[in-house]
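Below, read A as the first sequence line, B as the second, and so on, with proteins coming before strands; counting in each chain starts at 1.
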Amino acid sequence: MNFDALIEALPEIIDGLEVTIAIWLAGCLFGPLLGLAIALGRQFGPRWLDRGLWAFVEVIRGTPFLVQMFLLYYGGPFIGLDLDPTPAGLLGLIVYGAAYFSEILRGGLIAVPKGHVEAALCVGLDRGQVIRRILLPEMTLLVLPACVNMWVVLLKETAILSIITVPEFTLAVTAFGSATFAFTQSAAVLALAYWGLTELTGRLGRSLEARFDRFRLV
Amino acid sequence: MTQDAAITMRNVVKRFGGNTVLRGVDLDVRHGEVTCLIGPSGSGKSTLLRCAAFLEEHDDGIIRIGGAPIGYDAAADGSRTRLPPGEIARVRRSIGMVFQQFNLWPHMTALGNVAEGLRQVLRLPKREAQDRAMAHLTRVGLAERASFYPSQLSGGQQQRVAIARALAMDPKIMLFDEPTSSLDPELTGEVLTVMRDLAAEGMTMLVVTHEIGFAAHVGQHIVFLDEGRIALEGRAGEVFRKPWHPRMAQFLQTYLDRGASVLLEG
């Protein structure tokens, strides 16, 4: 391998890693938040809202992320949405994640035992209090494993953003690979790096699950 | 009957799809009395109790809690009008509900479960809510388990926390839906003891139970439900000693066959 070329490319690769992690973390935070809004709207909103959100979720889940990013980045300007690569990638990842998170969270809401809500109503909690104090916390415990899984998926989907020239990790490393013809080595570096981050996420998930164990349903 | 009865039900009908579970039930629960609802599985006793808390909506008839209609009120022309959610919540405030499955909130400690209504509904300051919650946990003998989560408690302890949670809201009437049916026999006793103490304090109670011994000893008014109708009701002593209704005699025999005669004596 050409070490001089590597040293030269290293700052860009590190910048790329930072961009990847930043976009990924934003997706991990705002994806579930937007997903929660969608899940609550579908579960507690009027019927038309449920139908509209359902259609949105189906479209996002039924099309490849790559195609969505092409449409957003190259098609966006035609509807007045002229975004730079990074904001477009960030928006795309959040919306993509939100569709999946909304289904995970909706499943969690449905899985909360009906009796827990009845007990809350009998104690006198109103609808908003039942959602805030009972449903959302219990849902969080139920969906944690599925969310960790989705966080891992989002990390790997960030690699797609290289296609619309977001200066992220995959773009930086593949650019180095093309310049030095070290294709295999750069692919291996990419695989190892994503896998390492995935393992860290899994560990975080397992430690959260262990911490939440005492809250388990009985 | 009278406006000051704790609960009055008139012609209560409940259907689940094409299945009619309650076929016009009239029931009066008197203040300060323990009324036990007994009957075979599927007779509608749990449904009737859940209607009293408006956890099931009755399809016909009127149910009054302390004189106030819950869920539906009778209109002048004999039809029914549905009451607004706020009014339902207000009437519900005078009842406390205990479930077969306990239904404690798993993300809150025993103390948190009992304090929740005090904090969120009565808006008590944190300290005061915790003090009052602790007093109720002490009442059911669980002060030393206050910081435990439901998953760390036995079934009997969970049910006692659930009773404390209901009592903390200072209800006029306590409803029990088969409170010991999901407990091992050795854990049943501790829950029945708490209920017996509550009855002795004069709490108005409506109890759906399979514990014939409890019904015979603690129950004052016994209501035997069969196929969605009240087949027989009366004072505990009379009903158990002279179960003149054939379905009731048959029902009691299944207990006697299991050697429960000793429970009905004394």
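The shortest heavy-atom contact between B:Pro106 and A:Arg216 is CB-O, 3.7 Å. The two residues B:Arg92 and A:Leu121 come nearest to each other via the heavy atoms CD-O, 3.7 Å.
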Side chains of residues 190-200 of chain A: which donor-acceptor partners sit under 3.5 Å, not counting sequence neighbours?
from	atom 1	to	atom 2	distance (Å)
A:Tyr194	OH	A:Thr170	OG1	2.5
A:Thr198	OG1	A:Tyr194	O	2.8

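Within a 6.0 Å radius of CZ in A:Phe78, other residues, nucleotides and ligands contribute 12 heavy atoms or fewer. Heavy atoms of other residues, nucleotides or ligands lying less than 6.0 angstrom from CZ of A:Arg127 number 12 at most. Annotation: B:Arg82, atom CZ; neighbour count of heavy atoms from other residues, nucleotides and ligands within 6.0 Å is above 12.
Without hydrogens or angle criteria, A:Gln129 side chain to B:Gln120 main chain gives a donor-acceptor distance under 3.5 Å. At distances below 3.5 Å, at least one donor-acceptor pair connects side-chain atoms of B:Asn103 with backbone N or O atoms of A:Gly115.
A 4.5 Å side-chain heavy-atom check between B:Thr109 and A:Arg214 finds every atom pair outside the cut-off. With a 4.5 Å cut-off on side-chain heavy atoms, B:His107 and A:Glu138 count as touching.
For B:Arg50, the part lying near chain A is the side chain, with the backbone staying farther off; criterion is any non-hydrogen pair under 4.5 Å. Heavy atoms of B:Leu122 lying under 4.5 Å from chain A are absent altogether.
How far CD of B:Glu116 is from CZ of A:Arg133: 4.0 Å, rounded to the nearest 0.5 Å. Distance check: B:Phe54 CZ to A:Glu118 CD gives 12.5 Å after rounding to the nearest 0.5 Å.
Among the candidates B:Leu55, B:Leu118, B:Val98, B:Ile95, the residue making the largest number of heavy-atom pairs closer than 4.5 Å to chain A is B:Leu55. Looking only at heavy-atom pairs under 4.5 Å with chain B, the residue among A:Leu141, A:Val117, A:Val123, A:Asp126 that has the most is A:Val123.
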ask   = Is there a side chain to side chain contact (heavy atoms under 4.5 Å, CB included) between A:Cys122 and B:Leu175 once you walk through the steps?
value = CA-CA 10 Å; A:Cys122 284; B:Leu175 306 179; over 6 Å; no
task = Report the C-alpha separation of A:Val112 and B:Trp105 in whole Å, then their side-chain angles, then the decisive distance to 0.1 Å, and conclude whether the side chain to side chain contact (heavy atoms under 4.5 Å, CB included) test is met.
result = CA-CA 10 Å; A:Val112 173; B:Trp105 303 306; over 6 Å; no
